[in-house]
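In what follows, a single structure is set out as structure tokens and then discussed.
The figures here come from the full heavy-atom set of this structure, side chains too, leaving out hydrogens, waters and symmetry mates.
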Amino acid sequence: MNRVKKLTVPRRYTVSLSFIIIFLLFSMGKVSAQTKILDSLRISLDTEMLADTSRILLLNELAYEYRYVNADSTNRIAKKAHRLSQQTNFSKGICKSLSNLAIFHHVRGQFDSALYFYSSALPIAKEQSDLKQQSSLENNIGLIHWNMGNYPRALAHLQKALSIDQTLNDETGQAATLNNIGLLYNNIGNSEKAMEYYKRSLQVFLDLKNEFRLAQLYNNMALLEFNSGNYAIAYDYYQRSIDYTTSSKVICHQANPLVGIGKIMMEENELDSVIFYGERVVEISKHCQDSKILAVAYLLMGKARRHKGEIRKAEKLLKEGYRLSLVSGAKENLKTAAHELYGLYKEMGRYSAALDFHELYVSVQDSLLNEEKIRALTHQEMEYEADMERNRLLNEQEKERLVLERQINREKEIKNYFLLGFMILLLLTISYYRSYLRKKKTSLLLEKKNRTIHEINQSLVKLNKFKESLTHMIAHDLKNSLNAILNLTKGRVDKRKVQVVSQSGHYALNLVTNMLDVQKFEEAAINLEIRPHHLSDISDEAFRQVEFLLSMKNIDLSYNVSDCIISVDKGVLIRVLVNLLTNAIRYSDHKGEIDFHVFYRPGPRRTICISVTNYGKGIEQKYLTYIFDKYWCGEKESGDYSPSTGLGLTFCKLAIEAHSGKIEVESNPVMGTTFTICIPEAECVPESHKVQIQKLVSGIEKPVLSLQEQQVVSNIFDKNAGIKVFHVSRLNKIIKELEESHINPVWLEELKTSIYHSDEVAFIEMIRSCRKSEKLK
């Protein structure tokens with residue numbers, strides 16, 4: 001093993017302290033500079049006399065600048081630019097807005113959507129002969145295919161981008177593409193090929209003095225050397241990467257080289273240094289919200305603590321690393337976490353937990369071995385396709401050169417004709433200029449006054465129609481509810497009629513309160529009574545209020561509600577959930593299904609999210625921008641929406657934002673619609689609840705099934721092979737079947753508990769025990 005002798009503890013602490021100070025200073029400077037750019041673009045957009053094309057270009061530029069500051073703003077502004085570009089048939093604006101929408105989904109890891117938008121923008125760029133845009137799109141499409149595991153297609157697109165950059169003589173673009181190809185070869189295990197591309201890219205960026213790219217390259221090269229066991233060389237590369245990230249003000253990228261140095265220290269058994277570097281990575285990664293690299297840091301520190309004999313601290317760090325590995329989906333990190341926790345729990349004598357993590361470790365390792373075999377086959381396929389692609393690209397490049405040459409000549413001819421025509425037109429214009437100016441001035445004044453009068457008339461007509469339409473909708477909704485109440489109070493009143501009367505009254509009351517509270521929220525005149533409440537109590541009340549509507553359409557409501565505590569105005573949140581559930585029922589098919597799901601969203605604030613999904617006809621993409629607008633009820637010609645005041649979703653949005661949360665919508669005309677509300681600062685699950693779940697996992701006080709009952713359970717789950725704990729709708733049917741089979745009610749209640757709390761470990765253990773007993777029999 002190569003020893004790294006030049007590193008000493010005092011110097012490490014001094015250097016790391018400098019990193020922290022520089023990080024804070026540069027972060028402040030970068031935010032200030034970014035704010036100035038955004039402010040400048042917004043000021044330019046506020047200019048009144050701005051042409052549509054100029055406004056579209058500014059909107060696209062603003063959306064691009066927001067990509068790392070506020071991804072939601074990028075999405076919103078890009079949609080606006082795309083809509084305006086389509087209205088004006090501005091091809092360049094359409095191409096840019098599609099590219100920005102793709103970037104939004106790319107940053108969020110939504111690769112299918114990103115690929116769709118990138119692929120939609122590419123033909124437009126080709127029509128415009130915009131080679132620079134083509135290169136960028138081909139590069140990004142290659143990266144998407146790489147992330148999706150399709151390496152041959154990824155390499156083909158990256159080589160196309162490289163060819164275009166060479167045609168443009170764009171050195172920066174060539175170097176960036178070479179780096180991406182190097183990453184691709186590194187990913188499939190061809191380190192020699194990867195280093196070749198890295199060094200070609202490095203030379204270009206050294207000449208260009210591009211510090212940001214140099215930091216990335218040195219980090220990539222260090223990783224190759226580390227994997228080869230050359231720790232001294234790797235350490236040197238990591239230090240260079242840190243130096244360039246410091247000078248180029250991309251401080252978030254310091255996390256990767258710091259983790260690399262931490263791994264070297266672990267190999268050198270310098271445990272205090274490992275912990276020191278891990279803590280620095282945690283500080284940077286929390287600021288930059290990188291869960292993958294944060295998981296590596298926690299696992300490194302946990303491993304070091306374990307080697308030092310600090311078992312409790314090691315367990316806490318390793319469990320956090322395991323959680324973040326699940327969030328980020330990184331299998332290598334998950335494998336490391338499972339192996340370390342297995343060893344730790346084995347040392348602690350907690351053999352049940354150790355066995356669970358050992359099984360997880362074996363499962364992940366098998367998965368990684370399969371992926372390694374696939375990468376080896378893919379590498380052979382890529383080599384063959386790369387040769388074919390190179391020959392094809394050479395032919396295409398020659399054809400494109402000839403086409404480009406002819407196009408340039410044609411454009412020169414057109415330019416000459418245009419200049420000649422312009423000179424003639426200019427001479428004619430000057431001769432009539434004075435008389436025309438006087439007439440035009442008078443004409444413009446009259447036209448402006450006429451246009452103003454016409455617009456006022458149109459606004460009055462539209463306002464009158466809107467008033468009549470709104471009055472009709474309100475009267476229609478109230479009339480239905482009041483008729484139901486009046487008719488059902490005649491004759492004998494039974495329990496079902498009382499339920500219908502209550503439901504109709506709630507609907508009418510909800511309609512009126514929506515109208516009143518929307519105005520109050522807009523004027524900030526409503527006072528919320530924020531108090532801690534159990535989410536299960538709030539959801540149960542919402543289910544009760546829509547129970548009759550569900551039964552009228554025979555709709556199956558599948559739900560998963562965690563027992564947690566949130567600080568909200570209980571009445572307001574119940575009305576929000578009732579509005580969302582009522583909408584879901586309205587647009588669901590008869591005998592349809594609605595999913596009500598509660599989950600945590602990772603982040604610095606404890607955020608709990610509630611989603612309501614229906615599988616009826618969804619909302620077209622062109623309408624998603626308007627559904628939260630006041631009084632908006634859909635286009636009449638679409639025929640997709642029922643009569644409504646258009647205030648329900650407006651109230652939901654205002655109410656959730658008043659709780660410092662947000663509401664999101666995803667819809668597909670075929671797959672249905674999902675509304676998700678997210679509320680921050682939610683309390684964790686109570687300790688008593690955790691103890692109950694842990695008892696179920698460890699096998700304490702489990703009820704015993706008879707051999708006949710075990711056979712029934714095993715047969716039912718064999719018919720439903722592959723079912724998971726989150727398949728609530730299918731599991732509800734299985735529970736009904738078990739109840740009809742008279743299975744031990746205590747055992748069945750524990751099975752329900754594991755399902756309703758999404759405790760997959762307890763769920764699998766209970767089913768596995770029945771199958772084992774069946775095999776023994």
Exercise for review: Please step through side-chain contact (heavy atoms from CB on, under 4.5 Å) for the pair F90 and K92, ending with a clear verdict.
Suggested key: CA-CA 6 Å; F90 184 33; K92 185 175 181 180; 3.8 Å; yes
Review point. Considering all heavy atoms of both residues, which atom of L318 and which atom of L341 are nearest to each other, and what is their separation?
Key: CB-CD2, 3.6 Å
Exercise for review: State which residue, out of Y218, Y237, Y238, fulfils the side-chain contact (heavy atoms from CB on, under 4.5 Å) condition with L223.
Suggested key: Y238
**Study point:** Of all pairs that satisfy salt bridge (Lys or Arg N to Asp or Glu O under 4.0 Å), the ones with a partner from residues 133-149, not counting sequence neighbours
**Key:** none
Review point. Residues two or more places apart in sequence or in another chain: which of them pass salt bridge (Lys or Arg N to Asp or Glu O under 4.0 Å) with E664?
Key: R601, K662
Review point. Has the side chain of N100 got a donor or acceptor atom that lies under 3.5 Å from a matching backbone atom of N60?
Key: yes
Review point. Are the ring centres of F104 and F117 closer than 6.0 Å?
Key: no
**Study point:** Non-hydrogen atoms of P257 and N219 that approach each other most closely
**Key:** N-OD1, 3.2 Å
Point to revise | More than 12 heavy atoms of other groups within 6.0 Å of E666 CD | key: no
Check your understanding: Within the distance-only criterion (no hydrogens, no angle test), does the side chain of S201 pair as donor or acceptor with the backbone N or O of Y197 below 3.5 angstrom?
Key -> no
Check your understanding: From I233 CD1 over to L224 CG, what is the distance, rounded to the nearest 0.5 angstrom?
Key -> 11.5 Å
Practice item. Over all heavy atoms of both residues, which pair between G302 and A314 is shortest? Give the atoms and the distance, please. Key: O-CB, 3.4 Å
Study note, to complete from the structure: Across all chains, not counting sequence neighbours, the salt bridge (Lys or Arg N to Asp or Glu O under 4.0 Å) partners of R240 are D236
Exercise for review: With sequence neighbours excluded, tell me which residues meet salt bridge (Lys or Arg N to Asp or Glu O under 4.0 Å) with E340.
Suggested key: R306
Check your understanding: Which distance, rounded to the nearest 0.5 Å, do you find between the CD1 of I242 and the CG of L258?
Key -> 4.0 Å
Check your understanding: Hey, is the main chain of A81 close enough, under 3.5 Å, to the side chain of S85 for a donor-acceptor pair?
Key -> yes
Exercise for review: Run the salt-bridge test on E267 and K263 with the 4.0 Å N-O cut-off and return the result as yes or no.
Suggested key: no
Practice item. Would you give the length of the straight line joining atom CD1 of I181 to atom CG of L158, rounded to the nearest 0.5 angstrom? Key: 5.5 Å
Exercise for review: Go through L360 and Y322 one step at a time and tell me if the side-chain contact (heavy atoms from CB on, under 4.5 Å) criterion holds.
Suggested key: CA-CA 11 Å; L360 176 61; Y322 169 70; 3.5 Å; yes
Review point. Residues in side-chain contact (heavy atoms from CB on, under 4.5 Å) with Q621, at least two apart?
Key: L624
**Study point:** Ring-face cation of R280 near F276 (centre distance under 6.0 Å, axis angle within 45°)
**Key:** yes
Review point. If you draw a 6.0 Å radius around OH in Y116, do more than 12 non-hydrogen atoms from other residues or ligands fall strictly inside?
Key: no
Exercise for review: Tell me, please, which residues at least two apart from H339 pass side-chain contact (heavy atoms from CB on, under 4.5 Å).
Suggested key: Y361
Study note, to complete from the structure: Nearest heavy-atom contact between F205 and L217 is CD1-CD1, 3.5 Å
Practice item. Could you list the residues that satisfy side-chain hydrogen bond (donor to acceptor under 3.5 Å, both in side chains) with N140, not counting sequence neighbours? Key: none
**Study point:** Interatomic spacing from CG in D207 to CG in L202 - rounded to 0.5 Å
**Key:** 9.5 Å
Exercise for review: Count the heavy atoms of every other residue, nucleotide or ligand shown that sit under 6.0 Å from CD of Q166, and state whether that count exceeds 12.
Suggested key: yes
Review point. With distance as the sole criterion, is a donor-acceptor pair present between the side chains of D165 and Q174 under 3.5 Å?
Key: no
**Study point:** Any pair counted as side chain to side chain donor-acceptor pair (under 3.5 Å), so long as it reaches residues 117-128, sequence neighbours left out
**Key:** H106-Y118
Point to revise | Partners meeting side-chain hydrogen bond (donor to acceptor under 3.5 Å, both in side chains) with Q86 (sequence neighbours left out) | key: none
**Study point:** Distance in Å, L143 CG paired with N180 CG, rounded so as to fall on 0.5 Å steps
**Key:** 4.5 Å
Exercise for review: Let me see the working for E61 and Y64 under side-chain contact (heavy atoms from CB on, under 4.5 Å), right down to the final yes or no.
Suggested key: CA-CA 5 Å; E61 187 176 352; Y64 183 77; 5.7 Å; no
Check your understanding: For R83, which residues count as a side-chain hydrogen bond (donor to acceptor under 3.5 Å, both in side chains) partner, sequence neighbours excluded?
Key -> Y626
Exercise for review: Please assess E225 against M221 for the test side-chain contact (heavy atoms from CB on, under 4.5 Å), listing each intermediate value before the final yes or no.
Suggested key: CA-CA 6 Å; E225 296 294 346; M221 294 166 68; 5.6 Å; no
Study note, to complete from the structure: Smallest heavy-atom separation, S325 atom then N333 atom, equals OG-CB, 3.3 Å
Check your understanding: Side chains of K96 and Q133: donor-acceptor distance under 3.5 Å anywhere?
Key -> yes
Point to revise | All side-chain contact (heavy atoms from CB on, under 4.5 Å) counterparts of A304, not counting sequence neighbours | key: M266, L271, V274, I275
Check your understanding: Does G173 offer a backbone N or O that forms a donor-acceptor pair with the side chain of D170 under 3.5 Å?
Key -> yes
**Study point:** Rounded distance [0.5 Å steps], CG in N139 versus CD1 in I144
**Key:** 11.0 Å
Exercise for review: Tell me, please, which residues at least two apart from E320 pass side-chain hydrogen bond (donor to acceptor under 3.5 Å, both in side chains).
Suggested key: R323
Point to revise | Nearest atoms (heavy-atom pairs only) where G278 meets A297 | key: O-CB, 4.0 Å
Exercise for review: Report yes or no: does S136 contribute a side-chain atom to a donor-acceptor pair with the main-chain N or O of K132 at less than 3.5 Å?
Suggested key: no
